[in-house]
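Only heavy atoms go into these numbers, but all of them, side chains included; no hydrogens, no water, no symmetry mates. Letters go in sequence order (proteins before strands), and every chain restarts at 1.
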Amino acid sequence: MAEEKELRYDPAVIEPKWQERWAADPKLYAADPITSGKPKYYVLEMLPYPSGQLHMGHVRNYSIGDALARHMWMRGYNVLHPMGWDAFGLPAENAALKNNTPPRQWTLSNIAGMKRQFGRLGMGFDWATEVTTCFPDYYRWNQWFFLRMYERGLVYRKKSKVNWCPECATVLANEQVIDGRCWRHEDTIVEQRDLEQWFFRITAYAQELLEGLDKLDGWPEKVRTMQRNWIGRSEGTEVDFFLAEDAVNAQNDDGSPKVIPAGRRIRVFTTRVDTIFGATSIQLAPEHALVTEMASNDAGLAKQVSQLLEEQKKAREAGDVGAIEKHGVPTGHFAVNPYNGERIPIWVANYILADYGTGAIMSVPGHDERDFEFATKYAIPVRRVIAPANPVAEETALPFTTEDGVLVNSGEYNGLGYAEATRRLQEAAVRGGFGEPKITFRIKDWGVSRQRYWGTPIPMIHCERDGIVPVPDEQLPVILPDNVEITQTGGSPLARVPEFVNVTCPKCGGPAKRETDTMDTFVDSSWYFYRYTDAHNDKAAFDSAIANYWFPIDQYIGGVEHAILHLIYSRFWTRVMRDLGMIKNDEPAEHQFSQGMVIKDGHKMSKNRGNVVSPDDMVNRYGADATRMYALFAAPPDRDLDWQEDGVAGVSRFLGRAYRLVMRYAATARAANGAIAPEPSGLSLKLLRKLHQTIAKITQDFEGRWHFNTDVAAIMELVNEIQGADAQLAAGEVPAAVLRELLTALVLLLAPFAPYLAAELWDELGGEGAVLRAPWPPSNPNLAREDELEIPVQINGKLATLVRVPAGSAPSVIEAAALADEKIKSRTAGKTIAKVIVVPGKTVNLVVK
RNA sequence: GCGGAAGUGGUGAAAUGGCAAACACACUAGCCUUAGGAGCUAGCGCCGCAAGGCUUGCGGGUUCAAGUCCCGCCUUCCGCACCA
């Protein structure tokens, strides 16, 4: 009775036992020194925000990474597999408001809880290199980088329209606004405010960030495409139109003369300068400086412009700028085309964006869809200046928007094609001093000021005498004070802490005030993975030699939601550090993997929907191994995963079968002495063959295909096969040495996916040391090979029967076997076999008439 | 509108152009009993008593052979979207 009880798989007993042992061995998951001589492998999963609870998305993310890390350890690599906490951020302040708990305390207690969850899940992280971004020993380096970037002109301050989330009570970077809403509050419409802000000059690297994508073939195409779109490079020309002299003669509503001086310029950006002879109006964004000027003494215009602005704002709030109905107002002013002196009207239109290009366009309705729509509505002339290259073969109706044509009605440029015309027109602009070639990017500089408390203080001082003065390095870190009153009223909480604000100016020694905004938390996560390599360095952010050993990251794993946020900031930051001489790599990660979402009942898990599954609950009921293994088994890692609790129970039952199988024969296997026979046969061969096929499949899959769901399935098949021979095994039909090989390898194969069970069974089999460091089993191709194959025989492509032939049979042998088959004979009797296709080892197809 | 991914049993899914549905879940029947969220055996795409036929969103095509490649369309999801 006691013996039978031992055969029960009970993760609630096994898992805590190993947790304790692993916790007592802090070196278990530590990387070797960089002098180890082993090949290095840096596997990284995105660090979590310490919200208080791991969710299933985390469990999936870390199950993938941990399986990979464990596999690479077993393959003999020097593996770096670290973890940390993205510990600054707004939820801590919200919690403070709600529970009256200081953000620091709230965050640290969440970290403690989540670290316990990681421990229960059996994740193999080296906690000795843990990074917590809200600690001064980390964020001081944010400040240090900020100062270095300031010195290099990569940090600047400007007043501009910025995104303001009323819910967060702070500004957001462009990347953090999704369809006009806050990335953290999908229901909150982001407002525009004029504020003075600190910016990182990410645009200085726009071109390089774009070009780098072409070389990142270890990244998903989806992520690369999204980044390309975000950077939005566009090649074109900037051209100055002149305000026409006639404008001076115009009159205001009250009959007084207009005061706009003639001869001034309006700069437009266009990608189609070859169509400039077709420009029949100039369109300005409502917020264009010239519009403001014109409206300042024209009440009628001012009113209409504010209406256009309102329409733009509404469209932005609706998250559908593209659907706005085009409206415009003529300003009563005119501009002169510098190429032909033509005088065209200046309008203000709601479809022109102030923050792209120059906020002004030349409108060419003959060759642009939008301009055509607008011109038709307001009866602005439409003129053809591009004729199709082959007028007979092509549709010639306007608007004609392709580049593939020749210029007409364009004076001396008539007859030229797109490329040549563009080149000549650009040359003329440069010569005439009214324009030049220009590359425009959609990406904007990264606004990093946040009017919040729980973040890295910006290391700058405002002195009445000396203006902006950087905090000297030796005064770093600028410590974020405790005991700050958090309110939701907006404005930086730090501004209400006199001890923090009031300082002496480092330059003149006079009274000065500290910057009270803090940094965007995406700053923290832009470089944390470098800190892991040298987490306790108090002289530098990290040691270059160590970072250069580990970088680039071999495999980075995380959710696709960071495709253009974190992942683009990280690529920027890596280049900045490279240019500071700190590292050699251009890109942070060689391979990036975006896992699919975890969903339930067809929807993303959310509190609102009440479909959240708690990892703790799963671990309590089925154990960590079953929870993790299900996360890998239920879908390929890149696809969305539908969480079905019955599936977890199924995996748990499988682990029980594997456990009992190994336990049943552990003693026999352990007592085995001697090697397995060089040429096993019968049942031994059958089982060893299945084993080696399984090893080959899983080993190959880890190389990059990563279909861990089929790897788990393959292990299940292996267990089913061995289990199916239970009676013969019990009868001793298979030598103990073979049993030992089967069971040992099975445990090793399980180790990346079910670390607790593998550790337990490794122990039972008398394995030496940690299973984690045991060598990955090699696949023996001789044993994996089948000696007889079942070949499908088709008649006209449809399956007719199966024939057995020895492996490696010549096509003629296979053909003969197929033709000799009774079923084939009867089905082809009286018909002509026109052709026989034999694909050796695969199939035979008879073409029969 | 543009770009991308996907569409296969009741469910999650599998399949270098070569036997569609591996492995699981659910379900059905039976066995076992130490009654456990257990274990074991068998069945389980659709039609049909069977022989056999049919089946990978829809329609074409390429091929000896198509879930897989090509063309057109439909649906779902994701990203981008007056970007001049």
Taking only the [atom1] atom of each, what is the distance from [N] to [M] in whole angstrom?
N     : M     : atom1 : answer
B:G61 : B:C54 : C1'   : 22 Å
B:G10 : B:U55 : P     : 16 Å
B:C31 : B:G12 : P     : 33 Å
B:U62 : B:C71 : C1'   : 10 Å
B:G3  : B:U68 : P     : 22 Å
B:C69 : B:G18 : P     : 11 Å

Are A:Phe633 and A:Phe654 close enough that some pair of their side-chain heavy atoms sits under 4.5 Å apart?
->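 A:Phe633 does not reach A:Phe654 side chain to side chain.
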Any A:Arg657 side-chain heavy atom under 4.5 Å of A:Asn720 side chain =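 SC-SC contact between A:Arg657 and A:Asn720 confirmed.
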Name the nucleic acid region contacted by A:Asn720, choosing base, sugar-phosphate or nothing; use a 4.0 angstrom heavy-atom cut-off, strictly under.
->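 Answer is sugar-phosphate: A:Asn720 comes under 4.0 Å of backbone atoms only.
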What does A:Val839 touch in the nucleic acid at a heavy-atom separation under 4.0 angstrom: a base, only the sugar-phosphate, or nothing?
->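 Here A:Val839 touches the bases of the nucleic acid.
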Nearest to the side chain of [X], which nucleotide is it out of [options]?
X        : options             : value
A:Arg705 : B:C82, B:C64, B:A15 : B:A15
A:Glu717 : B:A84, B:G18, B:A22 : B:A22
A:Leu802 : B:C19, B:A24, B:A84 : B:C19
A:Ile837 : B:G18, B:C80, B:C54 : B:G18
A:Thr843 : B:G18, B:A84, B:C19 : B:G18
A:Thr710 : B:A84, B:A15, B:G79 : B:A15
A:Lys842 : B:A20, B:U16, B:C64 : B:U16

Pick from A:Glu373, A:Glu311, A:Gln283: which one makes a side-chain hydrogen bond (donor to acceptor under 3.5 Å, both in side chains) with A:Lys326?
->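 Passing option: A:Glu373.
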[N] [atom2] sits how many Å from [X] [atom1], rounded?
X        : N     : atom1 : atom2 : answer
A:Asp701 : B:C23 : CG    : C1'   : 14 Å
A:Arg657 : B:C25 : CZ    : P     : 7 Å
A:Ile564 : B:G3  : CD1   : C1'   : 14 Å
A:Lys438 : B:C83 : NZ    : P     : 19 Å
A:Asp640 : B:A5  : CG    : P     : 15 Å
A:Asn709 : B:C25 : CG    : C1'   : 15 Å
A:Lys222 : B:A6  : NZ    : C1'   : 11 Å
A:Arg660 : B:G36 : CZ    : C1'   : 11 Å

Those residues of residues 631-639 of chain A lying under 4.0 Å from RNA chain B by at least one heavy atom |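 Only A:Phe633, A:Ala634, A:Pro636, A:Arg639 qualify.
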By a strict heavy-atom criterion of less than 4.0 Å, which residues belonging to residues 642-654 of chain A are in contact with RNA chain B?
->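 By residue number: A:Gln644, A:Asp646, A:Gly650, A:Arg653.
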Return the orientation label for the [X] and [Y] ring planes: parallel under 30°, perpendicular over 60°, tilted otherwise.
X        : Y        : answer
A:Tyr659 : A:Tyr9   : tilted
A:His566 : A:His562 : perpendicular
A:His367 : A:Phe400 : perpendicular
A:Phe708 : A:Phe702 : tilted
A:Phe277 : A:Tyr339 : tilted

Side chain to side chain contact (heavy atoms under 4.5 Å, CB included) with A:Leu846: which of A:Ile837, A:Leu819, A:Asn796?
->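 Only match with A:Leu846 under side chain to side chain contact (heavy atoms under 4.5 Å, CB included): A:Leu819.
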So, A:Glu325 and A:Lys377, do they make that salt bridge, N to O below 4.0 Å?
->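 Looking at A:Lys377 together with A:Glu325, the answer is yes, because their closest N to O distance falls below 4.0 Å.
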Start at the 5' end of RNA chain B and walk down; is the nucleotide closest to A:Leu846 or to A:Val177 reached first?
->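 Nearest nucleotide further toward 5': that of A:Leu846.
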Most 5' of A:Lys823 and A:Arg621 on RNA chain B, judged by nearest nucleotide =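 That would be A:Arg621.
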Determine, step by step, whether A:Thr843 and A:Gln794 satisfy the side chain to side chain donor-acceptor pair (under 3.5 Å) criterion, reporting the C-alpha distance in whole Å, the side-chain angles of both residues, the deciding distance to 0.1 Å, and the verdict.
-> CA-CA 8 Å; A:Thr843 189; A:Gln794 302 168 49; 2.8 Å; yes
Searching all strands shown, indicate the nucleotide that pairs with B:U68 (Watson-Crick or G-U wobble; both distances under 3.5 Å).
->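 Answer to the pairing question: none, since B:U68 forms no Watson-Crick or G-U pair.
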Watson-Crick or G-U counterpart of B:U75, or none if no pair lies under 3.5 Å =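 For B:U75, the partner nucleotide comes out as B:A6, under the 3.5 Å rule.
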Could you check if the base of B:G17 is syn or anti? Syn means the glycosidic torsion is within 90 degrees of 0.
->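 Here B:G17 takes the anti form, which means its glycosidic angle is more than 90° from 0.
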Looking at B:C64, does its base get a donor-acceptor pair with the side chain of A:Lys835 below 3.5 Å?
->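 Flag unset: no donor-acceptor pair detected.
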